[in-house]
Each structure stands twice: as structure tokens, then as C-alpha cells.
Amino acid sequence: ILVRANAQADHFLRALNMNGIPHKFVGASGLYQQEEVAVLISFLTAITNFEDSLNLFNLMTSEIYEMPPVDAIKLTSYAKRKNRSLYYILKGLDQIDPQELAISDQSKAIVEKMLLDLDEAINAARNQKVGKIAYDFLKRTAYLQRLERQGAVEDQIKIQNIAKFFDKIKEFADIAKVETPIQFVE
């Protein structure tokens with residue numbers, strides 16, 4: 001089905017979904033809004049700007065880390081109450097009184113894993129290029145492996161979108177003098 005504008009496809013997509021007909025929507029724009037690409041952008045932003053709590057929230061609740069939204073909201077609200085960034089709160093989570101901020105042990109483990117991944121990427125950012133850092137993140141979190149293993153059509157589209165994002169990183173590398181994550185994010 002060809003449409004002139006992406007917005008015109010909504011009715012067709014809904015009808016295909018309601019009838020259980022497999023389909024693939026290929027739009028000319030919106031790559032950065034795709035969940036799998038937005039997660040990579042959130043990751044790159046998280047390692048370049050500790051004050052950006054929104055991207056860190058998106059990363060925590062993404063399908064990579066899967067923090068329960070209730071705990072993520074509690075952490076974000078606590079950070080706002082304390083007038084601190086979410087990153088600052090996560091780094092000092094051990095020192096916070098559990099009665100003041102109660103989150104599940106599962107979420108604490110997610111925070112620990114995510115901070116470990118971020119710290120590793122921050123250290124790598126000193127001497128590695130943005131493409132390598134993003135690829136190592138996908139490898140370390142086994143996100144691509146999970147998508148390949150599940151093998152659904154949606155998962156294959158996600159893999160293709162991630163590949164397109166890496167094409168954008170390559171385009172950036174071709175014109176940038178310095179290929180650091182902070183330059184790419186900016």
C-alpha cells in the first residue's frame with residue numbers, strides 16, 4: 001500500500017493490525033522516534049550529559065533494562081524533590097533511606113547493571129569512537145541477540161532500524177573531525 005504521507009497510513013495500519021495481517025511500515029522519516037533508536041540516543045545522551053534525567057528515565061524503562069515504571073517514577077520524583085539529577089540519585093541510591101524512597105530489589109539490581117554499563121561506556125568514550133561505543137553497548141546488553149532470537153517481524157524491523165542508525169553514525173564519522181559521543185549527540 002503506497003501513501004503520499006506517513007499520516008495517511010494510520011487507517012491502513014490499524015485495519016491490518018485488527019485483522020491480524022502481518023505488515024511492514026516503511027516511512028521516509030521518524031527513524032529517531034523508533035523505540036530501538038530512541039534507546040540508543042538515550043544511552044548516548046546519558047553518557048554525555050548527567051543532567052538529562054529524561055533520557056536516563058527512557059533508558060531505565062526501555063526494553064533493554066525493563067525497570068518497572070512505578071519504581072522509575074518514584075526515582076524521578078525523588079530526584080525532583082531533592083532538586084538533583086536522576087543520575088546523581090542513582091549513583092547515591094545506597095545512601096538513601098529505604099523509608100524515604102522504597103523501590104524493589106529488582107529495580108535496584110537494574111540500576112546497578114545500568115550504571116555499570118554507563119560507567120564502562122563513559123570510560124571508553126575517552127579514546128573510542130561513537131560507533132564502537134554504541135555497538136559495545138548493544139553487545140554488552142545482548143539487545144541485538146534478544147531481537148534476533150525472538151525473530152518476529154517487528155524484531156527484524158528493529159534490527160533494520162538500528163542498522164540505519166549506525167549508517168547515520170557513519171555519515172557523521174565521514175564529516176566530523178572528532179567522533180566522540182558528545183559531538184554526535186550535539
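Only a predicted model underlies this, so the values are computations on that prediction, with no experimental measurement involved.
Of all heavy-atom pairs between F165 and L31, the closest is N-CD2, 4.0 Å. For the pair A72 and M60, the tightest heavy-atom approach, listed with the atom from each and the gap, is CB-CE, 3.9 Å. The shortest heavy-atom contact between A125 and I133 is CA-CD1, 3.3 Å. Across all non-hydrogen atoms, the minimal contact from D71 to S104 is OD2-OG, 2.8 Å. Closest of all the heavy-atom pairs between L147 and Q156 is O-NE2, 4.3 Å.
A single hydrophobic cluster is not seen to contain both L13 and I157; linkage of ILVMFWY side chains at heavy-atom distances under 4.5 Å, directly or through other members, places them apart. Both V130 and Y32 sit in one connected hydrophobic cluster of ILVMFWY residues. Membership requires side-chain heavy atoms under 4.5 Å apart, directly or through other members. L115 and Y143 fall within the same hydrophobic cluster, where Ile, Leu, Val, Met, Phe, Trp and Tyr residues are linked whenever their side-chain heavy atoms come under 4.5 Å apart, directly or through other members. Both Y78 and I73 sit in one connected hydrophobic cluster of ILVMFWY residues. Membership requires side-chain heavy atoms under 4.5 Å apart, directly or through other members. I110 and L116 end up in different hydrophobic clusters when Ile, Leu, Val, Met, Phe, Trp and Tyr side chains are linked at under 4.5 Å.
N49 and Y87 share no side-chain donor-acceptor pair at under 3.5 Å. Side-chain contact annotation: T45 with D52, donor-acceptor N/O pair under 3.5 Å absent.
Between T61 and E66, the closest side-chain pair of non-hydrogen atoms is not below 4.5 Å. Looking only at side-chain heavy atoms (C-beta outward), D119 and K91 come within less than 4.5 Å of each other. At least one side-chain heavy atom of I159 sits less than 4.5 Å from a side-chain heavy atom of E148. Counting only heavy atoms from C-beta outward, the side chains of S42 and S62 never approach each other to under 4.5 Å. Residues N58 and V39 have side chains not in contact (no heavy-atom distance under 4.5 Å, counting atoms from C-beta outward). At least one side-chain heavy atom of V111 sits less than 4.5 Å from a side-chain heavy atom of M67.
Between E63 and K158 there is a salt bridge, since a side-chain N of the basic residue sits under 4.0 Å from a carboxylate O of the acidic one. For K74 and E100, the salt-bridge test fails: no basic side-chain N is under 4.0 Å from an acidic carboxylate O.
Atom CG in D117 sits 11.0 Å away from atom CG in D136 (nearest 0.5 Å). Here the straight-line distance linking atom CZ of R140 with atom CD1 of I64 works out to 10.5 Å at 0.5 Å rounding. Atom CG of L86 and atom CG of N55 lie 11.0 Å apart (nearest 0.5 Å). Between the CD1 atom of I89 and the CG atom of L75 there is a distance of 8.5 Å, given to the nearest 0.5 Å. Within the model, atoms NE2 of H11 and CG of L16 stand 13.0 Å from one another, a figure rounded to the nearest 0.5 Å. Atom NZ of K132 sits about 13.5 Å away from atom CD of E179, to the nearest 0.5 Å.
Heavy-atom neighbours of E112 CD from other residues, nucleotides or ligands within 6.0 Å: at or below the threshold of 12. Within 6.0 Å of atom OH in Y135, 12 or fewer heavy atoms from other residues, nucleotides or ligands are found, so the atom counts as exposed in its surroundings. Other residues, nucleotides and ligands contribute more than 12 heavy atoms inside 6.0 Å of the NZ atom of K113. Around CG of N83, the count of heavy atoms belonging to other residues, nucleotides or ligands within 6.0 Å does not exceed 12.
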### Task
Determine, step by step, whether I122 and F50 satisfy the side-chain contact (heavy atoms from CB on, under 4.5 Å) criterion, reporting the C-alpha distance in whole Å, the side-chain angles of both residues, the deciding distance to 0.1 Å, and the verdict.
CA-CA 11 Å; I122 290 165; F50 295 150; 3.6 Å; yes

### Message
For a side-chain contact (heavy atoms from CB on, under 4.5 Å) check, start with the C-alpha distance between L90 and L56, then their side-chain angles and the critical distance, and finish with the verdict.
### Response
CA-CA 10 Å; L90 296 178; L56 194 55; 3.7 Å; yes

### Task
Decide ring-ring contact (aromatic ring centres under 6.0 Å, His included) for F166 and F184; before the verdict, give the C-alpha distance in whole Å, the side-chain angles of both, and the deciding distance to 0.1 Å.
CA-CA 12 Å; F166 274 91; F184 180 76; 9.3 Å; no

#### Entry: L44/I182 under side-chain contact (heavy atoms from CB on, under 4.5 Å): CA gap, chis, key distance, verdict
CA-CA 8 Å; L44 292 170; I182 197 160; over 6 Å; no

### Task
Would you please test L93 and K108 for side-chain contact (heavy atoms from CB on, under 4.5 Å) and show each step?
CA-CA 8 Å; L93 193 58; K108 288 178 184 175; 4.3 Å; yes

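For the pair S53 (side chain) and S85 (backbone), a donor-acceptor distance under 3.5 Å is absent.
Using a 30° and 60° split on the angle between ring planes, F43 and F137 fall in the parallel class, below 30°.
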